[in-house]
Undergrad: 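Dumping the structure here so I can ask a few things about it.
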There are 2 protein chains.
Amino acid sequence: MVGNTQTEMRQRILDHATRLFAVRGFNGTSVQAVAEAVGIRKPSLLYHFKSKDALRAGVLDQMLNHWKDEIPKVLAAASTGKDRFATGVGAIISFFTADPNRARLVVREMLDSPESVREMLDTHFRPWTSMIADYIRTGQEAGSIREDVDPESWIVQVVTMCIGTIAVGDVTSALVRRRGDGDRPHPSEQMKELVRIARQSLFNTRPKESQDG
Amino acid sequence: MVGNTQTEMRQRILDHATRLFAVRGFNGTSVQAVAEAVGIRKPSLLYHFKSKDALRAGVLDQMLNHWKDEIPKVLAAASTGKDRFATGVGAIISFFTADPNRARLVVREMLDSPESVREMLDTHFRPWTSMIADYIRTGQEAGSIREDVDPESWIVQVVTMCIGTIAVGDVTSALVRRRGDGDRPHPSEQMKELVRIARQSLFNTRPKESQDG
DNA sequence: CCTACCGATCGGTAGG
DNA sequence: CCTACCGATCGGTAGG
């Protein structure tokens, strides 16, 4: 358990591969390019990951493992409906804004390998989605959440909006710059509006019967 | 002006290139693959488009030209605020659902060439975005639209949600399937919820002072 | 972790 | 619109 250089090198390779796959795409990134970024030769990289596809799988596995730990933590931390909303949406936003390349990687993978991502979502995320949807249905029965919300679809739309906005927010911000406003970008304003849209399409407006913990 | 085979062949190439670039990505599609789909040899394709990048530009130009004609038409057709919402969101949804590969192509291009897409949005779409944002501000002053809406950001969020949902809807629908519901996909339910979210985050709930034309 | 090397495929050109 | 061909780069292996 001393200097585990083997594992360290694997992590270094994964970090550079994540970044390059996110920015240039899997097909736009050569094994050679990843090796150069790490500072080793191509055959050395292929010792740690026996093929380019194994490297892709390693990158995705790393992200999957993050959420396998994170989701139960987030759901356990929040008690009331409003808390669950803020904590859940906050966890997604902070994870992907901490490194927008994570969002770009997810979007690229959905486009490049839709079937395998479908399977991954079905296996690892659908149980959680069902649980959150049930929370929403409970809130609908209690009157705190709008009756016309389609729980599963609402979740998918909000996650799509989050990941999409973070993945291509630098591009779409070209539409937001006001006249005479200089070159200042408005990423946080985008996220604020996103949260507002998500919240107001979910909760009932009447502020009575608030279920505080 | 009789049998213009030259232009016809260009269009055939563009159609197959659009589909292949959307599904496999630009870097994942060889000129050879496009030529095979069309039914000609690679050097013949390169007679019509002098390089692979010229082919990419041709594909994007075609889509840009669609919206150059469509946006003014849509804005002219709608008069009241609710009409503008329905017509505008409807135009985007119907264009991209007619061929989801269009949405995939847009997303891929934003990821692969963020700077050039930024420039394109700034030049060709920002004027329209500003105009629509002004409509929203007028609605805010009249009281029909929520005061807490950030007009430009709202537009970007809704367009992101539309294109994102259509581009990867087949994948994210893996999260929506209810237990014991069979394999039936729910694309239209996704779009219905999207429209609901967009509408309810935009308009004020009080149904008085409706501005009919 | 390296040097040396492999067959396959890439975008593109020559020339007709 | 074709056949024939180019140098460059691809993912991956041999062997140490």
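All chains are named by letter (A, B, ...) in the order of the sequence lines, taking the proteins before the strands, and each is independently numbered beginning at 1. Remember, predicted model here, so these are calculated numbers, not experimental data.
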Undergrad: Calculate, to the nearest 0.5 Å, the distance between atoms CG and CG belonging to B:Asp112 and B:Leu105 respectively.
TA: 9.5 Å
Undergrad: Under 3.5 Å, side chain of A:Thr18 to main-chain N/O of A:Val59, donor-acceptor pair present?
TA: no
Undergrad: Would you give me the side-chain donor-acceptor pairs under 3.5 Å for residues 61-75 of chain B, sequence neighbours excluded?
TA:
unit_1  : atom_1 : unit_2  : atom_2 : d
B:Gln62 : OE1    : B:Gln11 : NE2    : 2.6
B:Asn65 : ND2    : B:Asp61 : O      : 3.3

Undergrad: Using the closest heavy atom to pick a nucleotide of DNA chain D for each, name whichever of B:Met9 or A:Leu46 lands nearer the 5' end.
TA: B:Met9
Undergrad: Please check if atom CZ in A:Arg41 has more than 12 non-hydrogen atoms from other residues, nucleotides or ligands closer than 6.0 Å.
TA: no
Undergrad: Taking B:Ile197's backbone N and O only, do any of them form a donor-acceptor pair with A:Gln157's side chain (distance below 3.5 Å, no angle check)?
TA: no
Undergrad: Any side-chain donor-acceptor pair under 3.5 Å between A:Gln190 and B:Ser153?
TA: yes
Undergrad: Could you tell me the boundaries of the chain B footprint on DNA chain D, defined by atoms under 4.0 Å from its heavy atoms?
TA: D:dC1 to D:dA4
Undergrad: Of A:His48 and A:Lys42, whose closest DNA chain C nucleotide lies nearer the 5' terminus?
TA: A:His48
Undergrad: Heavy atoms under 4.0 Å, any strand shown: does B:Ile40 hit a base, just sugar-phosphate, or nothing?
TA: sugar-phosphate
Undergrad: Is it true that A:Arg118 and B:Asp170 make a salt bridge, defined as a side-chain N closer than 4.0 Å to a carboxylate O?
TA: no
Undergrad: Runs of at least three consecutive Watson-Crick or G-U pairs, both distances under 3.5 Å, are what I'm after; which ones involve DNA chain C?
TA: C:1-16 with D:1-16
Undergrad: Think A:Arg84 forms a cation-pi with A:Tyr135, using NZ or CZ under 6.0 Å from the six-ring centre and within 45 degrees of its axis?
TA: yes
